[in-house]
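Written out below as structure tokens is the structure these notes cover.
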Protein chains: 2
Amino acid sequence: MRDATLRDVARVAGVSARTVSNVVNGYARVTEHTRQKVERALLEVNYRPNVLARNLARGRSGQIAVVVPYLDTPYFSELLQAIIPPAREHGYNVLIDQTDGDPAHERELISRGARAFLFDGMILSPLGLAQEDLVEIDPDLPLVILGERVSNGVFDHVGIDDVEASRAATAHLIGLGRRRVAAIGDQPYPTGEAAQLRTRGYRRAHADAGLPVDESLIIPTPRFNRADGSGAMRELLAREDPPDAVFCYSDLVALGALRAVLDHGLRVPEDIALIGYDDIEEGRYSNPTISTISPDKAAIATTAVERLVRRIASAEPPQGIEVRADHRLIARESTVGRTVDENSAGLPEKVPDAD
Amino acid sequence: MRDATLRDVARVAGVSARTVSNVVNGYARVTEHTRQKVERALLEVNYRPNVLARNLARGRSGQIAVVVPYLDTPYFSELLQAIIPPAREHGYNVLIDQTDGDPAHERELISRGARAFLFDGMILSPLGLAQEDLVEIDPDLPLVILGERVSNGVFDHVGIDDVEASRAATAHLIGLGRRRVAAIGDQPYPTGEAAQLRTRGYRRAHADAGLPVDESLIIPTPRFNRADGSGAMRELLAREDPPDAVFCYSDLVALGALRAVLDHGLRVPEDIALIGYDDIEEGRYSNPTISTISPDKAAIATTAVERLVRRIASAEPPQGIEVRADHRLIARESTVGRTVDENSAGLPEKVPDAD
DNA sequence: CTGAAAGCGCTAACAT
DNA sequence: ATGTTAGCGCTTTCAG
């Protein structure tokens, strides 16, 4: 049986399509009497609005795209999980895309090629946008970028203060008495500006403590995953003068590094202390648990959605703004060991949520 | 500047809209000459088809929904990651939804209420569909269900042989000489049929080995996450006669259980051996690494997409079929310890992919 | 092989 | 407050 259309409802209710539309969308005021009639008809024919037709008529898709490098990276899936509910509250469906580490794919998405009209705006967690990529962005695409502003100020950015968070993480290690603190995750090339912010914080902590930076302890990695972390750590362990602590640019890197340290027969944190970044759930269960920088993911998610919705609504794109969500340092076993610490020790009865 | 429409292109090229449409979609054959003309016009006005209009005219959305209980559960995010590429190859966008553990939400999605027309079909990883929920399903919704068939045979199901895989996992533990093998993750109620298949395999392994099943060692959990795993494990550890091995119904459960065992001061696998299910990447990096049942996720993903696409294409829904993807048991440290084993020991130079 | 034109189902002027 | 109707931009039947 064909789906009932607005006209069918109108006919059954003995009113015009316009009135039915009004009732369905709650636009203009409608007499209580007609409303009742219409609603009865609505039920009678089991009317379900055709979203496709509505979208075409309204000239918008009612969808927003969320683009992340990898869907199976816990930080991103946790973020996505947090983005969907507020998006839905604003009436948007979420279209998820992964760039799969492919910059070309990323550029294609932001230039909107064939899939224009399919989403009204985009929340992008850039893999790496170099200055010159920005020009490829469809200027009419409402866009919110996840992560700190690195290049220009045209778009909205939502993230945490990476430099400060990284400084705090490094300072935490130095405060524990460690003197050879390594860093894993630098990306010293144009698309790695986000990673470079972390490195800047790392340097700042050293400067604050009056400590020199051993440049050879800053290990670059192409991504922020487990394999990169363990590979870099192995490299560090092979040296004659291995570090006694490592600031890892993601929890995944820290987890990979942890595995390498343990495989090497050393202990964490006794021999080498490790701190990560992101506060993914996995780090609350690993052995040892991973100290980390915990960004307020819920705040990032809701803020990003709100900014995007606003951008979509306003005809003229407002000035790009910069939102800094909160973050905090959580000391767990990988730096302070198994003390009975307020934040971390042992396995909590209830696992604290990141948000 | 307004986006160029098909008509604009037609005018510039001096042909009709029909012809432009033909060129764009590669439908009917078009003279080389006109084709050239049209293509030049296409570029000249920078034409991008309006997907919304196309969808309305075609009467389909070009989108499929993939519904999972939780987006941030590694098994699901890894599966989603694998589903998107084949879906895109078939010309579909993927709309991701999470039910958040809410059966009501799940029912709403399968009955397609307000969001009908938004997706042409659905791949559903059911939270728990009881017999009576099936009637709520929109009969016209092309649907592929992830996981083994538990109830009726109307829909396509794609999964692995849960009973056999669970039997093998349990047999692996028994083969290691363990005699008190517990199971964490049973769900002895109508919506837990999937979990019950695992329990059936667990029982079968015992029967095969001529071992009695100690019913008190089968611990139910509401979900398959880390917290459930550690909670259940603590319960087991508090007993006078704790188990010497545990078959966990997911890797996450195993990871949670692992944490509890270590917190209790016991060793894995020396004191208690642990095996999980799903083969998520995390289990290849944990300490110790987690033995597991590895489903062929890539096969599950591509098969599910293919079946769904076929269902969408055929007017009359074919008989529901049952696809069983491959799986294999991977023995890692949590059962066999740190032997130099072909599959598992140490940290591989390259982390094997699940697919 | 190409043109003309009728929808797809809804929205939103415009009119009453 | 409600009716009339012209689009939204594309697909596709029907002619030619």
Side-chain angles (χ1 to χ4, degrees), chain A residues 1-39 41-42 45-63 91 112 114-120 140, chain B residues 1-39 41-42 45-63 91 112 114-120 140:
Chain A
M1 192 190 65
R2 208 182 93 275
D3 275 297
T5 76
L6 209 56
R7 277 191 163 62
D8 296 330
V9 180
R11 191 162 21 73
V12 172
V15 300
S16 80
R18 170 68 207 253
T19 302
V20 178
S21 177
N22 279 343
V23 171
V24 172
N25 295 301
Y27 273 174
R29 252 184 304 288
V30 179
T31 326
E32 193 48 32
H33 179 63
T34 28
R35 140 158 292 119
Q36 303 251 335
K37 265 197 315 193
V38 172
E39 272 168 355
L42 244 25
V45 302
N46 183 29
Y47 173 73
R48 291 179 304 187
N50 183 323
V51 192
L52 265 38
R54 170 180 296 172
N55 289 343
L56 175 59
R58 284 191 181 155
R60 12 160 303 173
S61 68
Q63 302 191 132
R112 249 200 188 160
R115 303 175 58 226
F117 303 96
L118 215 52
F119 42 86
D120 302 327
D140 293 328
Chain B
M1 191 190 66
R2 208 181 95 274
D3 275 296
T5 76
L6 209 56
R7 277 192 164 61
D8 297 330
V9 180
R11 191 161 21 73
V12 172
V15 300
S16 80
R18 169 70 207 249
T19 304
V20 179
S21 178
N22 279 345
V23 172
V24 171
N25 295 301
Y27 272 174
R29 254 184 303 287
V30 180
T31 328
E32 192 49 31
H33 179 63
T34 28
R35 139 159 293 118
Q36 302 250 335
K37 265 197 314 192
V38 172
E39 271 168 356
L42 245 24
V45 303
N46 183 30
Y47 173 74
R48 291 179 303 188
N50 184 324
V51 192
L52 264 39
R54 169 179 296 172
N55 288 343
L56 176 59
R58 286 189 180 158
R60 13 159 303 174
S61 67
Q63 301 191 133
R112 265 218 279 206
R115 303 175 59 225
F117 303 96
L118 213 52
F119 41 87
D120 302 327
D140 293 328

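A note on names: the letters A, B, ... follow the listed sequences, proteins ahead of strands, and every chain is numbered from 1.
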Nucleotide [N], atom [atom2] - distance to [atom1] of [X] in whole Å:
X        : N      : atom1 : atom2 : result
A/Lys37  : D/dA1  : NZ    : C1'   : 12 Å
A/Asn22  : C/dC10 : CG    : P     : 14 Å
B/Arg11  : D/dG9  : CZ    : P     : 13 Å
B/Arg35  : C/dC1  : CZ    : C1'   : 12 Å
B/Asp8   : D/dC8  : CG    : P     : 11 Å
B/Asn50  : C/dG9  : CG    : P     : 17 Å
A/Phe117 : D/dC10 : CZ    : C1'   : 11 Å
B/Leu56  : C/dA6  : CG    : P     : 17 Å

When you get a sec, tell me which of C/dT2, C/dG9, C/dG3 is the closest nucleotide to the side chain of B/Val15?
->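 Nucleotide nearest to B/Val15's side chain: C/dG3.
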Between D/dG9, D/dG3, C/dT2, spot the one nearest the side chain of B/Ser16, thanks.
->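 Among D/dG9, D/dG3, C/dT2, the one nearest the side chain of B/Ser16 is C/dT2.
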Have a look at the helix from C/dC1-D/dG16 to C/dT16-D/dA1 and give the angle its two end axes make, five pairs each, rounded to 10 degrees.
->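 If I round to tens, the end axes sit 30° apart.
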Can you tell me if the side-chain N/O atoms of [X] get under 4.0 Å from OP1 or OP2 in [N]?
X       : N     : result
A/Thr31 : D/dT2 : yes
A/Thr34 : D/dA1 : no
B/Thr19 : C/dC1 : no

Could you run through nucleotides 11-16 of chain C and give me one letter per nucleotide, 5' to 3': B if any protein heavy atom sits under 4.0 Å from the base, S if only the sugar-phosphate is that close, - if neither?
-> BBBB--
Under the side chain to side chain contact (heavy atoms under 4.5 Å, CB included) test, residues paired with [X] that sit two or more places apart:
X        : value
B/Ala116 : A/Arg48, B/Arg112
A/Val15  : A/Ala13, A/Thr19, A/Val20, A/Thr34, A/Lys37, A/Val38
A/Val51  : A/Asn55, B/Leu118
A/Arg7   : A/Thr5

Partners of A/Arg54 by salt bridge (charged side-chain N to carboxylate O under 4.0 Å, His left out), sequence neighbours excluded?
->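 Scan of A/Arg54 (salt bridge (charged side-chain N to carboxylate O under 4.0 Å, His left out), adjacent residues dropped) gives none.
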B/Arg11: salt bridge (charged side-chain N to carboxylate O under 4.0 Å, His left out) partners, not counting sequence neighbours =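 Expected list: B/Asp8.
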Between atom CG of B/Leu56 and atom CG of A/Asn50, what is the distance when rounded to the nearest 0.5 Å?
->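 The distance works out to 6.5 Å.
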Any side-chain heavy atom of A/Leu42 within less than 4.5 Å of one from A/Val24?
->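 Yes, side chains in contact.
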Qualifying residues under side chain to side chain donor-acceptor pair (under 3.5 Å), relative to B/Glu39, sequence neighbours excluded =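 Expected list: none.
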